[in-house]
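As a basis for the values below, the full set of heavy atoms in this structure was taken, side chains included, without hydrogen atoms, waters or symmetry mates. Letters go in sequence order (proteins before strands), and every chain restarts at 1. Remember, it's a predicted structure, so these values are computed and weren't measured experimentally.
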Amino acid sequence: MPEATRESLAAVLDEIALLLEVEGANPFKTRAYRNGAEIVRTHDEDILALAKANELGNIKGIGEALQQKLHELATTGKLEFHEKLRGNYPDSFFDLFDLEGIGPKKVGALHKELGIDSIAALKTACEENKVAALSGFGKKTEQKILESIARRETFADRFSLVVAAPIAEEILDQLRAHPEVLRAQYAGSLRRSKETVGDLDFIVATNKPAELTDYFSKLDLAHEIIVLGDTKCSIRLENGLQCDLRAVSNAQFPFALQYFTGSKEHNVAVRSRALKKGLSLNEYGFTGKGELPDVHDERDIYKALGLDYVEPELRENRGEIEAADAGELPQLVSWENLRGTFHNHTTESDGKATLEEMAQAAIELGLRYLGIADHSKSSPQANGLHPDRLLRQVDKIRAWNESHGDELHIFAGSEVDILKDGSLDFNDEILAQLDYCVASVHNAFSLSEDDMTKRIIRAMENEHVTMIGHLTGRILLRRDAYAVNHDKIIDAAARTGTIIELNCNPKRFDMDWRWWHKARDKGVLTSINPDAHHPSQLQFLRFGANIARKGWLRKQDVLNTRTLEEVKEYLGVS
DNA sequence: GCCGTTTTCGGCCCGACTGTTTTCAGTCG
């Protein structure tokens with residue numbers, strides 16, 4: 001029996017809620033289970049230990065029934081009530097909930113009436129027109145189910161910022177160009193700078209909402225209209241990305257923007273704070289007895305609740321409300337603070353542009369310094385450099401600085417492979433000739449967490465290693481992180497004075513934003529690096545600043561906000 | 001299933017939209 005974890009407890013409660021819903025139980029009962037799952041996930045004591053000790057009695061939302069069930073789960077790793085409920089359905093049944101347009105009720109009806117327990121079975125039933133004949137279903141529903149199944153096979157359910165961000169900017173421009181639009185903004189996870197997005201949300205302030213939803217549905221980018229009403233519209237683009245518009249009055253705008261920016265968890269906390277002040281908050285405004293606060297923008301909403309303004313990136317209910325209450329929110333780093341960057345490639349290894357072209361792009365972007373760090377010899381797949389080529393590149397960079405250094409200073413570095421045992425791909429004699437060194441893992445991903453952590457810490461202990469590149473090796477939407485113990489790495493970084501890179505290539509965003517606050521508090525410095533393989537990728541710095549903000553980082557936590565002179569001093573180079 | 005200065009029953013968040021209905025249930029956010 002697998003050991004119970006916080007997440008396994010929560011997942012069982014969520015699954016019970018789902019199955020109760022399928023079977024038509026009291027909706028408030030299912031909500032109680034969902035609510036219980038959320039409490040298990042977010043409670044700030046050791047919930048597993050409390051459950052084992054059967055001491056959950058004092059937590060609001062966990063009653064006698066849930067307490068008993070969590071105790072059984074925590075001590076035995078399973079729950080008879082759950083197994084009984086779950087026993088009726090195969091694993092494939094749960095895939096049905098991934099489909100858009102059908103929820104627990106319809107899934108329940110399909111299972112009860114037609115015995116459908118997988119997407120394949122549902123597809124067949126639709127093709128045989130058996131679904132349209134069911135009560136509560138019809139021709140259109142059947143068609144939508146088939147389209148949803150096809151879409152699931154064709155499209156991703158989340159999108160990279162490289163894809164989504166430019167689209168969002170374009171749609172926002174088009175909304176702002178409409179004469180009836182007073183204010184417009186995107187909301188949702190993009191505004192919060194999540195590392196990937198599931199869909200795009202737009203809010204417009206207007207006196208002609210129906211005109212705007214109509215306009216939105218007819219955008220050139222709109223490939224399909226999902227819903228179209230007088231105040232909201234959803235479209236799907238050709239690449240499968242869903243975009244939602246809410247059209248509200250100018251007075252409602254700040255409330256709608258705040259509400260649809262989320263996160264859900266942040267909003268729950270904000271609303272409960274409002275209730276304590278005798279105010280009810282929803283996407284349209286405050287309601288309550290007496291005089292209501294005067295609200296013109298989002299800041300006024302937070303102010304009315306006695307809170308400092310919470311930047312969208314921080315709205316994840318990870319301590320920002322408490323900090324806003326205490327006046328202790330950080331002054332976040334911004335994109336304009338960045339003066340240079342490290343970890344960039346050229347055609348010497350696997351980059352697509354020469355040293356000169358990369359330098360030119362950095363100048364155009366307004367950077368004062370640029371770090372080059374091509375791959376080392378143990379990455380032959382990336383055309384990694386042997387020492388002789390590396391040292392020739394160093395000479396070339398020194399020559400550039402002689403002639404162009406007043407405009408852009410280039411730091412000569414290397415992205416050195418951390419070998420399986422934690423030793424480095426170049427010896428100390430070579431490393432000593434560089435201005436700095438990014439050490440990264442590029443192979444042997446399947447080491448145990450313990451071995452991988454030791455491997456990276458050994459590299460950090462080398463005095464020539466300036467920073468650790470893409471700590472976990474994850475490729476978003478494609479490859480999971482390798483196992484590594486973040487706590488131990490952060491402690492080692494603090495102890496050895498090693499920088500942990502914030503790799504802001506949107507396919508990586510590594511280290512994950514959730515760890516930066518802790519790293520910062522332990523005095524760990526970061527460098528926001530685009531890992532650019534093309535001049536245009538230097539622009540990733542903008543995403544990088546957003547992710548840093550999401551990790552609560554301030555200007556002083558980021559090496560590349562420093563002046564050239566300060567960086568030279570830090571690196572000990574002239 | 002949870003909760004309570006409305007205290008052991010009765011309420012729990014809700015508005016917009018669609019499709020299947022003929023006044024409303026289900027889905028979504």
Side-chain angles (χ1 to χ4, degrees), chain A residues 13-14 16-40 56-70 81-82 85 96-110 131-145 147-148 187-189 197-203 209-210 213-214 216-217 224-236 242-248 252 255-268 270-272 274-275 280-285 287:
Chain A
L13 295 187
D14 268 334
I16 290 172
L18 189 65
L19 293 172
L20 288 174
E21 234 174 342
V22 165
E23 303 196 343
N26 176 351
F28 297 106
K29 186 169 168 176
T30 65
R31 184 186 300 169
Y33 277 96
R34 274 224 173 86
N35 187 35
E38 196 54 33
I39 291 165
V40 167
L56 295 168
N58 291 325
I59 302 174
K60 191 163 176 278
I62 307 284
E64 223 169 285
L66 282 181
Q67 185 182 357
Q68 181 275 319
K69 288 187 170 72
L70 286 168
F81 176 74
H82 171 245
L85 203 56
L96 293 168
F97 299 98
D98 293 344
L99 296 174
E100 281 172 62
I102 60 173
K105 296 289 177 194
K106 287 210 153 59
V107 167
L110 289 164
V131 170
L134 291 181
S135 163
F137 292 73
K139 250 328 327 126
K140 282 200 170 176
T141 304
E142 192 173 76
Q143 195 53 39
K144 286 207 158 180
I145 290 172
E147 285 166 12
S148 180
S189 52
V197 298
D199 58 14
L200 297 179
D201 301 289
F202 299 89
I203 317 291
T213 55
D214 184 63
F216 189 75
S217 75
E224 176 197 346
I225 298 170
I226 303 167
V227 296
L228 172 59
D230 288 345
T231 64
K232 64 182 271 190
C233 175
S234 295
I235 57 174
R236 197 180 330 272
Q242 181 175 330
C243 302
D244 300 336
L245 176 76
R246 301 275 174 159
V248 297
Q252 292 168 337
F255 295 98
L257 182 61
Q258 198 279 333
Y259 183 89
F260 288 106
T261 296
S263 65
K264 198 179 76 198
E265 294 76 16
H266 174 84
N267 285 351
V268 167
V270 169
R271 282 201 302 271
S272 91
L275 284 175
S280 172
L281 175 66
N282 66 18
E283 64 259 56
Y284 301 111
T287 51

How far apart are the C-alpha atoms of A/Glu100 and A/Arg236, what are their side-chain angles, what is the distance that settles it, and do they pass the salt bridge (Lys or Arg N to Asp or Glu O under 4.0 Å) test? CA-CA 13 Å; A/Glu100 281 172 62; A/Arg236 197 180 330 272; 3.5 Å; yes

Starting from the C-alpha separation in whole Å, work towards a yes-or-no answer on salt bridge (Lys or Arg N to Asp or Glu O under 4.0 Å) for A/Glu21 and A/Arg34. CA-CA 11 Å; A/Glu21 234 174 342; A/Arg34 274 224 173 86; 3.0 Å; yes

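Computed from coordinates, the A/Asn26 CG to B/dC12 P distance equals 13 Å when rounded to whole Å. For the pair A/Leu56 CG and B/dG1 C1', the computed distance is 15 Å after rounding to whole Å. Taking atom NZ on A/Lys264 and atom P on B/dC13, their separation rounds to 14 Å, with Å as the unit. Protein atom CG of A/Asp230 is 14 Å distant from nucleotide atom C1' of B/dT18, rounded to whole Å. Atom CG in A/Asn35 sits about 11 Å away from atom C1' in B/dC3, given to the nearest Å. Counting to the nearest Å, the C1' atom of B/dC2 and the CZ atom of A/Arg31 are 11 Å from each other. Here the P atom of nucleotide B/dG1 and the CD1 atom of A/Ile59 are 18 Å apart, to the nearest Å. For A/Arg34 and B/dC2, the CZ to P distance is 16 Å, given to the nearest whole Å.
With values rounded to the nearest 0.5 angstrom, A/Glu265 atom CD is found 5.5 Å from A/Glu38 atom CD. Rounding to the nearest 0.5 Å places CG of A/Leu66 at 9.0 Å from CG of A/Asn35. Residue A/Phe255 holds its CZ atom at 13.5 Å from CD1 of A/Ile203, rounded to the nearest 0.5 Å.
Regarding contacts with the backbone of B/dG19, a side-chain N or O of A/Lys144 is found under 4.0 angstrom from either OP1 or OP2.
Comparing atom distances between the A/Tyr284 side chain and each of B/dC2, B/dG15, B/dG4 picks out B/dG15 as nearest. Listed nucleotides B/dG1, B/dC17, B/dC3 differ in distance to A/Val227; the shortest reach to its side chain belongs to B/dC17. Picking from B/dC3, B/dG1, B/dT18 the nucleotide with the shortest atom distance to the side chain of A/Leu228 gives B/dT18.
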B/S/- contact track for nucleotides 20-29 of chain B, protein heavy atom under 4.0 Å: SS----SSSS

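Listed for the A/Ser234 side chain is no donor-acceptor partner under 3.5 Å among the backbone atoms of A/Val227. With hydrogens and angles disregarded, a donor-acceptor distance shorter than 3.5 Å links the side chain of A/Glu142 to the backbone of A/Ala132. Formation of a donor-acceptor pair under 3.5 Å by the A/Thr261 side chain with backbone atoms of A/Leu257 is found in this model.
If you take atom C1' in B/dG26 and the same atom in B/dT20, they sit 11 Å apart, rounded to whole Å. Between B/dG1 and B/dT5, the two C1' atoms lie 24 Å apart (nearest whole Å). B/dC17 and B/dC13 have their P atoms separated by 23 Å, given to the nearest Å. Comparing B/dG15 with B/dT21, their P atoms are spaced 26 Å from each other, to the whole Å. Rounded to whole Å, the C1' atom of B/dC3 lies 10 Å from the corresponding atom of B/dT8. Spacing of P atoms, B/dC2 relative to B/dT6, comes out at 23 Å, to the nearest Å. Comparing the C1' positions of B/dG19 and B/dC12 gives an interatomic distance of 28 Å, to the nearest angstrom.
With a cut-off of 3.5 Å on both Watson-Crick or G-U wobble distances, the partner of B/dT8 is given as none.
Residue whose closest nucleotide on DNA chain B sits further toward the 5' end, between A/Gly61 and A/Thr231: A/Gly61.
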